[in-house]
Every structure is written in C-alpha cells, then in structure tokens.
There are 2 protein chains.
Amino acid sequence: MGRKRTKSGKIRLAEVAELAGVSPITASRFFRNPEALSVAKRTRVESAARELGYVPNLAARALASQRTEVIGVLIPSLTNNVFSDVLRGIYDASEGSRYSIQLSNTRYSILQEEKLLRLFLAQKPAGLIVTGIDQTAESRAMLEAADCPIVQIMEIGPNPVDMMIGFSHYDAARAAIAHLFAQGHRRIGFVGARMDPRVQRRLDGYAAAVKDAGLFDQRLIVTTATPTSVTLGGALFADLLAREPDIDAVFCANDDLALGVLFECRRREIAVPDQIAIVGFNDLEFMASSVPTLTSVRTNRYEMGSTAAAMLIEAIEGKRPEEPVLDLGFTVIERQSSQTQRSAASPRAPEWVPAVQNDSVTNDP
Amino acid sequence: MGRKRTKSGKIRLAEVAELAGVSPITASRFFRNPEALSVAKRTRVESAARELGYVPNLAARALASQRTEVIGVLIPSLTNNVFSDVLRGIYDASEGSRYSIQLSNTRYSILQEEKLLRLFLAQKPAGLIVTGIDQTAESRAMLEAADCPIVQIMEIGPNPVDMMIGFSHYDAARAAIAHLFAQGHRRIGFVGARMDPRVQRRLDGYAAAVKDAGLFDQRLIVTTATPTSVTLGGALFADLLAREPDIDAVFCANDDLALGVLFECRRREIAVPDQIAIVGFNDLEFMASSVPTLTSVRTNRYEMGSTAAAMLIEAIEGKRPEEPVLDLGFTVIERQSSQTQRSAASPRAPEWVPAVQNDSVTNDP
DNA sequence: TTGTACGCGTTATCAA
DNA sequence: TTGATAACGCGTACAA
C-alpha cells in the first residue's frame, strides 16, 4: 500500500478509485469513455471525483497514452485583423472540447513555418491547422508524413495535404473587378502590400479579369513587400496617380489600403466614387461606416476558423468529413465607393444606405 | 538491459546517453544545465543527441519534474487591436525561450476568467499573465495562492498580486482632456463603449478633469456596454449631438469610436476641428493618416506584452525585478483633429503634417 | 562532476 | 464490464 496522497498535495486517480471502490483503471475509463462503465460504477466514480475535486494530470496522461490533446496552429500574423478573426473562431470552437490550442506566428515566412512545424510535430500534436497552401517542400513532406489530421485554411487549391477550408482569392478578385466593370469603370488600378501568396492570387485574379476585357496595363499595378497599413494605402495610391492620372477605379488588396486610398482622395479633393471608385477586400467593420461607405469583398473569417477547428476535432475523433475541401465563398458587398450611376445623390440621403442583402453579389458555393 | 528503442520509434534520453557513454542523468543535465557537465562529456552528449536527432519528451519531463514550461495568458479579447499588439509582444518575447504560451480568451468576463484561472492553475503553469486588476475575490485568492510568478498587464494600481506592468488610464484620460482645455475647448463630450474597467477609468479621468475646471455635465457623457466599433462611434456621437448640440470637443474612449465620430461629422458636414475637436485613445495606425489626422493617446502595447513576458521569464528563473510595478506611461499625440488655433489652414498644406516628436505631451515615467 | 534508485500519475495490454 | 501488471520517458534526491 503506497502513499494515499501525492507529494504535491494533489488528488490522484488512485484516490478517486479508492473512494469509489473501484480499480484505478476503471476510474480512468470513466474520464475517457464513461459509456464503458456500468451505471452503478459510473455514478460512484463521478461522485468520488467531485467530492475530492479531482483534476486529471495531463502530463501523465500524455506520457502514458503517447499522444497529446494539443492542436497546433500556425498563422502568419497575430495583428492582422484577418487572422485575429480566424483565431477567435478557432479558440471558440476548441473551447469546451478536450483539446487545447498551441499557437505560433510564422511572420509570413515559410522557412519559419517549416521550423515551427518541426517543433510542433516533435510533440505529436492531435491535429494541426496551417495557413495557406504554399509550404516549403520540406514542410509539405513533414505534413504528409504526420500521423494526425491537418487542415489548411484561408484558401483552397489542388492537392490538399489532408483537409482544406477557405475560398478562392483569385475568383474573389475577379468578382470585384467584374463589379467595377459593371459599374462602367475601365482603367482600374491595383494596390497591394505584403504580397503574400493570397494577395498575389488576388493580383492574378485582377490581372486575368482586366486582360479578358482587353484592358490590362502593367502600369496600373502598384505593389510592395512592405506590411500593409492605412498610411501605406495612401502612399501607394499617390504613386499610382503620379504614374497614371487617368485611372477611374482602384482595387485594393485589403481594406486598410482602401481606407488609405479614401483618405488620400479626400486630401487631394478627388471625389469618390465620381472621379475614382474604390473597392477593398475583407470587409472589415469600418468599411460600412466610412464616408462614402466602401465596397469590399466579404470573407467568412470567423467561420473559417471555427469550422476548421470543428472539422479537425471531428477528424481526430475518427469522423472524417465526406468532402475534405470546403469552399466558404465570398460576397462582393457593393457600397457607395463604387456605385457610379447614382453618385450624384447626396451622401446623406437615407436611400444611400446599402441594402446588403439585395445589392450583393454572393458566391456561396 | 531494457529495450533500446521506444515502441513509437522515438529516440529516448537513454539512447543518447548510451551512445555518448554516460548515464542517462548526465545526458538529462546536458539539456537543462549544460554548464554542470565537464566539457568532455558535454560535447559527447551534444554530438550523440544531434546524431540521433533526439527531441525531449515534454510530457515525461513535466510528469517527472512536477512542473511545466507553460506560461498561461488570459486576455479579454482576441480581436481588439489593443490585445493583438500585446499578444504579439508576448509571443515575440517567449520565442527562443524554453517556455510556451497557453492563451485563453475571457471575453471580458471576470467569471470566465475565474473559471479559466482554475483550469490553468491545475496544470501548474510556470508563470501567468493576466489582464487588469479587477479579478473576482476568488480569482484573487487563487492568484495569491499560486506558486508561480504572475504579471498583471494593461494598467497599474495598488496591491499587485505579484508583478504589474501598464499605465494609468485615469491619468492618460486627464492628459487628453488637459490638451483639449489647452486648445480652448470647454464643452467636451465623452463617448465610450464596452465600459470594461479600463474604459471606466478613462471616464473617471475625464470626469475628474472637467470637474476640476467646473465644467462637468452628466449630459455630455454617452456610454454603452455594447462592444466597440467604428459604426457605434458614429451612432453614440449622434446621440450626444441630439442631446447636446453645443459641444465643441469629443473625447473617445478608443480610436475606433473616434474614427466613427469623424465619419459622422463628415456625414453631417461638421468641420473638424473647427466646429468640433476629436481625441481618441490608443493611437492605432490609421489615426495618423485620416483626414484630418486624429489626435490620440499613444500607449505602449507591444512593449507591454514583450516586457511582461520577459519579466515573467526572468522571475520564473529566479531573477525577480527590483521594482515589481512598471509604469509604461503614455503620450498624447497631438494632431489636426484637436488643433483649433491653426484650423483655418488648408488640410493639404504640408505644414499640417504633425511633427510628433515636437508636438507631443509625453508622460514617460 | 557523475551516478543509483526510485517515483511522477496515467493508460495500454491482456486476461478474467 | 473489470482488473492486474507493466510500461510511458524523464527528473529528484541523495550519495559517491
């Protein structure tokens, strides 16, 4: 008969078992698979655990079971609004589950991602969420060799490692440009920053759309590797204007840039949308309340996170989804900044408030 | 002579030790405190570990040592820009250390915080970072009983549980109001949302400042428990205007609200700062590039996070700071939206670009 | 500076 | 459905 109480003063499984009058392994089963116990023992263990205030020791569990209940998450940025929404979804969906989130920031570096991946995999995570589809060959190999479910988020593409959830940035950009064409715009500029793979694909979508219309012009494209910001949006737009003063619309790779462009227009007394239309990307909250309100492409970021985590947990527990690739789509939210036809109306008129449900071009697959 | 290889095929410490020709405990020491080994053995263990690709099993380590290398972090929001900056600081400072971050979202609920705290403490974290100074009595008791270093972040106040890093939201608000008084404003409104403890203290600072000037008027204060947003800023300002049309300045509890107020002014053709001055709080990036540029109170969020994590790690390793409470101060960044005197100048004139370094009222303690 | 003996709290395995 | 036994891989305590 060993000690009854652990050195640290914490309650162990063995004590719960003793109070309940069962063996430790039975008590152990109660916490992992209560159905496997007879009702009588189940209630006895339950009340014993409650009485003693038992809390399982996760380290011991991980050691004995040779697996952890940790979901690794690799994202490129902690401050970008896009990822904070995704993160919130992931945390919300994991809450209440037995899994905990281990988060790391790749800082938009696929080499950093590779390094972190190696670290994560060494701890045998229960599952993994990684951003995008542009891993290094080495990362790709590690992911494919990993013996846990994996979800790639933010975009969709061919050859998923395992599961995938996102939308087509290429199609979304094309839809935004189609909207601008429909409004009568012809010389449409592109403003992009950071130029990570997803922004690059938005640029590709833009380029394809204007090429199809025979309106492609390399000089209408202004990009930089610098991280995005509102101020940068203004500066890039200034560059664009200096080079091509006759543009009639700007498609911004994200909403911060779009807001910067709007401010720059105001600074230069350029009327929006009369002289220049603006379209952003992501549909952050402020886009609906700026003056004029700003057209953007809405993406389902929170759902991307929460669904990714939910899918992953299901897969960990053996219930793999029928379709491993989930397209969450996007919606072009048409607002004042791109509505040329009615631009003579007063910005204060109530009829200007966009009825999102009716005006929108949705691509919900 | 046991097995030489673990079932899972992973390399164990014992194998490294064998290859190096030392006992397992010596190899163990190498990974935790290399200085304690003779140079000869140190190099032998090092090359053996490298050759075998050894990765320590954290679960076994945690079980044997009765402690983890996990830093728990409790913050009220994942999406609020303020906290994403803090988080980035925390993650950056923990990177490269042996500690990993376990993050949880209290959603601005101190009851949720209490629940999460209980969960965290059960896992014996190496250290803890918690937000603010308004824990429940129960939480407070748990924190005080915890046998690990703790840092309270975001604000400073009396009776730290352990360490504390932040600034006085009360003083910061007073400084903002003092600036508005200095610019000649008399009827200064307050717009606040969420009304978490820190926003409440900004309101207290505002109220004290206007009372001191004999200018307090309850009707100038508009608040709501609703989460903050740009749109909400516009709506709250509209309420304020409807009630008190003769205000000449608005102090917003954060920058999103301030931007919303700016847009609402534009919608109503109210000149800023000529008719109404606007001051925000936090100095998010867009404040410097809006039209007009917006005055705000700069806070050192990233440093708050990185310093908190760095202090905590030092404390975990036995090097407690001499002064447990660190005031990171704030700076009133004066921009166009509150500069009454020169408001007749064109917003496009270059002299309008604020020279932050010269114009600012700093409170760096 | 290095090593021995043992414990950390739980779960896998297999038998009953 | 339940239980006995033996890991799981490493660190603590103490001795050498």
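No hydrogens, no waters, no symmetry mates; every other heavy atom, side chains included, goes into these values. Chain A is the first sequence line, chain B the second, and so forth, proteins listed ahead of strands; every chain is numbered from 1.
- Between atom CZ of residue B:R320 and atom CE of residue B:M163 there is a gap of 5.0 Å, rounded to the nearest 0.5 Å.
- Listed nucleotides: D:dG9, D:dG11, C:dT11. Nearest to the side chain of B:N57: D:dG9.
- In this structure, B:E18 atom CD and D:dC10 atom P are separated by 14 Å, rounded to whole Å.
- Taking side-chain N and O atoms only, B:R32 has a distance below 4.0 Å to OP1 or OP2 of D:dG11.
- For the pair B:L37 CG and C:dG3 C1', the computed distance is 12 Å after rounding to whole Å.
- In this structure the side chain of A:Y91 never reaches within 4.5 angstrom of the side chain of B:R107, judged on heavy atoms.
- Along DNA chain C, the nucleotide closest to B:V22 and the one closest to A:P56 are compared, and the more 5′ of them pairs with B:V22.
- The distance from atom CZ of A:R61 to atom C1' of C:dG9 is 11 Å, rounded to the nearest whole Å.
- Between the side chain of A:R29 and the base of D:dG3, a donor-acceptor pair under 3.5 Å is found.
- Listed nucleotides: C:dC8, C:dT11, C:dT2. Nearest to the side chain of B:K41: C:dT2.
- A:F30 comes within contact range of no nucleotide atom at all, as no heavy-atom separation falls under 4.0 Å.
- Side-chain nitrogen and oxygen atoms of B:S65 include none within less than 4.0 Å of the OP1 or OP2 phosphate oxygen of D:dG11.
- Taking the nucleotide of DNA chain D with the nearest heavy atom to each of A:I25 and B:A59, the more 5' of the two is matched to A:I25.
- The separation between B:L13 atom CG and D:dT12 atom C1' is 14 Å, rounded to whole Å.
- A sub-4.0 Å separation between OP1 or OP2 of D:dG3 and a side-chain N or O of A:T26 is present.
- Between B:Q66 atom CD and D:dC10 atom C1' the separation is 12 Å, expressed in whole Å.
- For the pair A:E15 CD and C:dG9 P, the computed distance is 9 Å after rounding to whole Å.
- The side chain of B:S38 contributes an N or O atom lying less than 4.0 Å from OP1 or OP2 of C:dT2.
- Side-chain nitrogen and oxygen atoms of B:K124 include none within less than 4.0 Å of the OP1 or OP2 phosphate oxygen of C:dC8.
- Separating the CG atom in A:L328 from the CZ atom in A:R301 is a distance of 11.5 Å, to the nearest 0.5 Å.
- The distance from atom CG of B:L58 to atom C1' of D:dC10 is 11 Å, rounded to the nearest whole Å.
- B:R67 comes within 4.0 angstrom of the backbone, heavy atoms only, and of no base.
- Taking atom CZ of residue A:R12 and atom C1' of nucleotide C:dG7, one finds them 10 Å apart after rounding to whole Å.
- Between the side chains of A:R32 and A:S28, at least one donor-acceptor pair of N or O atoms lies under 3.5 Å.
- Atoms CG and CG, from A:L121 and A:L143 in turn, are 6.5 Å apart once rounded to the nearest 0.5 Å.
- Of the side-chain N and O atoms in A:S23, none sit less than 4.0 angstrom from OP1 or OP2 of D:dT2.
- When the nearest nucleotides of DNA chain C are assigned to B:A60 and B:E35 by heavy-atom distance, the more 5′-ward of the two goes with B:E35.
- If you check every strand for non-hydrogen atoms under 4.0 Å, A:Y54 touches sugar and phosphate atoms only.
- Rounded to the nearest 0.5 angstrom, B:E46 CD and B:K41 NZ are separated by 16.0 Å.
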